[in-house]
Amino acid sequence: MSFIEYGDTIKDGDTAIVFLGHESMFPVKVQHGTVTQTKYGVIRHSMDLIGKKYGSKVTCSKGGWVFILHPTPELWTMNLPHRTQILYSTDISIITMMLELKPGSIVCESGTGSGSLSHALIRTVAPTGHLYTVEFHQQRAEKAREEFREHGVEHLVTVTNQDVCKNGFGVSNIADAVFLDIPSPWEAIGHAKAALKAEGGRICSFSPCIEQVQRTCLAMEEYGFTEINTLEILLRVYNVRTISLQIPDLGKAAEDNSSAGFDSSNPSNQGSPCTNLQQGTVQFKSGVPQKEMVGHTGYLTFATKSLF
């Protein structure tokens, strides 16, 4: 099993996603002789998982059922064990695009944290690229190495346990892009410039506070970065639903005009809203924003290394 090379069959030792619903799923490590408890009953790994195809519908001991999904970076972001605050798909998508990443790119990252962005970066630069990720906390660095090994991507990533603000990334003049998610990114801008390739490259810094952004932008200018810009991504989700509204009573004359002007057999009226004249209501689709939305996550500051 690998997060970048998708297989058909569930094997012993795989990491799989148990899908109970869009708002309910969790990862499980498949092991022979092990069972997993769900609200629908027990899943027996030996009989219910190993040898089955990913995407299979598995019936639990209480009669309920779940789907077993192959892990992806997107699913892992939604289900990973949190060791730190993480980046979600909304920010990850714009980061990978604005850093101009592609298969074969070399990327430096700090800090590794829970590995949410790391898995997405690895999938983007595979199969010939590489991720150099630096984590200050020793236990988090060791856990990240373990997860990368279990997920079959250890050949695409190098995890280093050190302070990037003092010791840098451990590489020079090879990176196509650098990403910083640390408390004081301005202290690492010099090391980021040294890690980027000589002919240029892109850098991104994620910070939750505007004061951090200000100091980082000043440091980027000091080290000769150009095209400095900061943006914030806010996601607003709409619920599309069918609603019914009562037709207003406009009097007999309006009814006569309406009957004369509307011919249900006319093809031009086929796409008109569905009207129930007996009940005096009309049905149509409406998009309504959710009452609550995800607010501020952080500011993304992008810049380009100057060639001069």
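Not measured: the values here are computed from a predicted model.
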J.: With rounding to the nearest 0.5 Å, note down the distance linking CG in L131 to CZ in F148.
T.: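 Answer rounded to 0.5 Å: 6.5 Å.
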J.: Applying the 4.5 Å side-chain criterion to the ILVMFWY set and letting contacts propagate, would V164 and V171 be lumped into a single cluster?
T.: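 Yes, one cluster joins them.
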J.: Would you say the side chain of P185 lies within less than 4.5 Å of the side chain of S207, judging by non-hydrogen atoms?
T.: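 SC-SC contact between S207 and P185 confirmed.
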J.: Are any of the side-chain heavy atoms of Q290 and N239 separated by less than 4.5 Å?
T.: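 Contact flag for Q290/N239 side chains = yes.
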J.: Below 4.5 Å, heavy atoms only, C-beta onward: do I210 and Y299 meet side chain to side chain?
T.: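 Sidechains of Y299 and I210: in contact.
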J.: Look at atom NZ of K197 and say whether more than 12 heavy atoms of other residues, nucleotides or ligands are closer to it than 6.0 Å.
T.: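 More than 12 heavy atoms, drawn from other residues, nucleotides or ligands, come within 6.0 Å of this atom.
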J.: Check the side chains of T124 and T96 for a donor-acceptor pair under 3.5 angstrom, ignoring hydrogens and angles.
T.: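 There is no such pair (donor and acceptor under 3.5 Å, judged by atom type) between the side chains of T96 and T124.
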J.: Atom CG of D48 and atom OG of S56: how far apart are they, to the nearest 0.5 Å?
T.: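 Nearest 0.5 Å value for the CG-OG distance: 10.5 Å.
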J.: Do Y88 and L180 sit in the same hydrophobic cluster, where Ile, Leu, Val, Met, Phe, Trp and Tyr count as joined when their side-chain heavy atoms come under 4.5 Å apart?
T.: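 Y88 does not cluster with L180.
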J.: Ignoring hydrogens and angles, state whether a donor on the side chain of T77 or H119 is under 3.5 Å from an acceptor on the partner side chain.
T.: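 Their side chains do not contain a donor-acceptor pair, so the 3.5 Å distance test is not met.
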J.: Looking at every heavy atom in both A177 and L101, which two are closest together, and how far apart are they?
T.: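 Here A177 and L101 meet closest at CB-CD2, 3.7 Å.
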J.: Any donor-acceptor pair under 3.5 Å linking the side chain of N79 with the backbone of L75?
T.: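 Looks like yes, one N/O pair under 3.5 Å.
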J.: Can you find a side-chain donor-acceptor pair between S114 and T84 that sits under 3.5 Å?
T.: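 A pair is found: one side chain offers a donor N or O, the other an acceptor, under 3.5 Å apart.
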J.: Compare every heavy atom of I92 with every heavy atom of S116, then report the nearest pair and how far apart it is.
T.: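 S116 and I92 have their closest heavy atoms at OG-CD1, 3.7 Å.
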J.: Is it the case that the side chain of S184 and the backbone of E187 share a donor-acceptor pair, with hydrogens and angles ignored and the cut-off at 3.5 Å?
T.: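 Side chain of S184 to backbone of E187, a donor-acceptor pair under 3.5 Å: no, none is there.
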J.: For side chain to side chain contact (heavy atoms under 4.5 Å, CB included), just list the numbers for C204 and L300, CA-CA rounded to whole Å, side-chain angles, deciding distance to a tenth of an Å, and then say yes or no.
T.: CA-CA 7 Å; C204 174; L300 293 169; 3.9 Å; yes
J.: When you measure from the side chain of S93 to the backbone N and O of T90, does any donor-acceptor pair fall under 3.5 Å?
T.: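 Yes; judged by distance alone, with no hydrogens or angles, the pair exists.
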J.: Stepwise, does the side chain to side chain contact (heavy atoms under 4.5 Å, CB included) test hold for M1 with K11?
T.: CA-CA 8 Å; M1 187 278 302; K11 300 180 177 63; over 6 Å; no
J.: Do the side chains of L87 and I122 join up, straight or via other hydrophobic residues, at under 4.5 Å, putting them in one cluster?
T.: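 Yes: a chain of side-chain contacts under 4.5 Å links L87 to I122.
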J.: Only counting residues at least two apart or in another chain, list the ones meeting ring-ring contact (aromatic ring centres under 6.0 Å, His included) with H82.
T.: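 Partners of H82 by the ring-ring contact (aromatic ring centres under 6.0 Å, His included) criterion come out as none, since no residue qualifies.
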J.: With a 4.5 Å cut-off on side-chain heavy atoms, are I182 and C165 touching?
T.: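 Yes, their side chains come closer than 4.5 Å.
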J.: Ignoring hydrogens, what is the shortest heavy-atom contact between R83 and K143? Give both atom names and the distance.
T.: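 Heavy atoms only, the tightest pair is NH1-CG, 3.3 Å.
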J.: Salt bridge or not between R145 and E135? Use side-chain N to carboxylate O under 4.0 Å.
T.: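 No, R145 and E135 are not salt-bridged.
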J.: Angle between ring planes, F19 versus H22, binned at 30° and 60°: parallel, tilted or perpendicular?
T.: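 Taking H22 first and then F19, their aromatic rings stand perpendicular (interplane angle over 60°).
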J.: Report yes or no: do E109 and S118 form a side-chain donor-acceptor pair below 3.5 Å?
T.: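 Looking only at side-chain atoms, S118 and E109 do form a donor-acceptor pair, the distance falling under 3.5 Å.
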J.: Does the side chain of T15 come under 3.5 Å of the side chain of K29 through a donor N or O and an acceptor N or O?
T.: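 T15 vs K29: no donor-acceptor pair found between side chains.
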J.: More than 12 heavy atoms of other residues, nucleotides or ligands under 6.0 Å from CD of Q139: is that the case?
T.: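 No - once you tally the heavy atoms of other residues, nucleotides and ligands closer than 6.0 Å, there are 12 at most.
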J.: Rounded to the nearest 0.5 Å, how far does CZ of F302 lie from CD of E100?
T.: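 If I round to the nearest 0.5 Å, the distance is 10.5 Å.
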J.: Do T281 and L245 touch side chain to side chain, with heavy atoms closer than 4.5 Å?
T.: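 No. Closest side-chain heavy atoms not under 4.5 Å.
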J.: Given 3.5 Å as the limit, does a donor-acceptor pair link the side chain of N161 with the main chain of F136, or not?
T.: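 Such a contact is found between N161 side chain and F136 backbone.
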J.: Drop me the distance from F206's CZ to T301's OG1, to the nearest 0.5 angstrom.
T.: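 Here the rounded value is 10.5 Å.
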J.: Going by heavy atoms in the side chains, are I203 and F225 under 4.5 Å from each other?
T.: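 Yes - at least one pair of side-chain heavy atoms lies under 4.5 Å apart.
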J.: Quick one: do F26 and I10 end up in the same hydrophobic cluster if we chain Ile, Leu, Val, Met, Phe, Trp and Tyr together by side-chain heavy atoms under 4.5 Å apart?
T.: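 In one cluster with F26: I10, yes.
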J.: In Å, rounded to the nearest 0.5 Å, how long is the span from CZ of F179 to CE of M98?
T.: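 Spacing of CZ (F179) from CE (M98) equals 13.0 Å.
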J.: So, do T133 and V157 sit near enough that their side-chain heavy atoms are less than 4.5 Å apart?
T.: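 A side-chain contact under 4.5 Å exists here.
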J.: Please evaluate residues H296 and E232 with respect to the criterion side chain to side chain contact (heavy atoms under 4.5 Å, CB included), reporting the C-alpha separation (whole Å), side-chain torsions for both, the decisive distance (0.1 Å), and the verdict.
T.: CA-CA 8 Å; H296 172 77; E232 179 185 29; 2.5 Å; yes
J.: So, H130 side chain and I106 main chain: donor-acceptor pair closer than 3.5 Å or not?
T.: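 Not a single qualifying donor-acceptor pair exists.
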J.: Ignoring hydrogens and angles, state whether a donor on the side chain of S110 or D181 is under 3.5 Å from an acceptor on the partner side chain.
T.: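 On atom types as modelled, these side chains do not qualify, holding no pair under 3.5 Å.
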J.: Where is the tightest heavy-atom contact between A195 and F169, given as atom of each residue plus distance?
T.: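 Shortest heavy-atom contact: CB-CD1, 4.0 Å.
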J.: How far apart are the closest heavy atoms of Y54 and A16, and which atoms are they?
T.: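 Answer, listing the atom of Y54 first, then A16: CE2-CB, 4.1 Å.
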J.: Does Y40 have any ring-ring contact (aromatic ring centres under 6.0 Å, His included) partners at least two apart in sequence or in another chain, and if so, which?
T.: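 Not a single residue meets the ring-ring contact (aromatic ring centres under 6.0 Å, His included) criterion with Y40.
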J.: Measuring from T72:OG1 to M78:CE, what's the distance to the nearest 0.5 Å?
T.: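 Here the interatomic distance stands at 9.0 Å.
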J.: Can you name the closest pair of heavy atoms from V35 and V42 and give their distance?
T.: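 That closest heavy-atom pairing would be CB-CG1, 3.6 Å.
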J.: Could you go through the side chain to side chain contact (heavy atoms under 4.5 Å, CB included) check for L20 and V18 one step at a time?
T.: CA-CA 6 Å; L20 293 83; V18 180; 3.8 Å; yes
J.: Run through D12, T36, D14 and flag the one making a side-chain hydrogen bond (donor to acceptor under 3.5 Å, both in side chains) with H45.
T.: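 With H45 as partner, D12, T36, D14 yield a single side-chain hydrogen bond (donor to acceptor under 3.5 Å, both in side chains), made by T36.
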J.: With the 4.5 Å side-chain cut-off for hydrophobic clustering, are V134 and I174 part of the same group?
T.: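 Result: yes, single cluster for both.
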J.: Is it true that the side chains of S2 and H151 contain a donor and an acceptor less than 3.5 Å apart?
T.: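 Side-chain D/A pair, S2 to H151: absent.
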J.: Side-chain contact test, heavy atoms from C-beta onward, threshold under 4.5 Å: evaluate it for E147 versus E142 and give yes or no.
T.: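 No. Closest side-chain heavy atoms not under 4.5 Å.
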J.: Keeping K305 on the side-chain end and R202 on the backbone end, is there a donor-acceptor pair under 3.5 Å?
T.: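 Answer holds: no.
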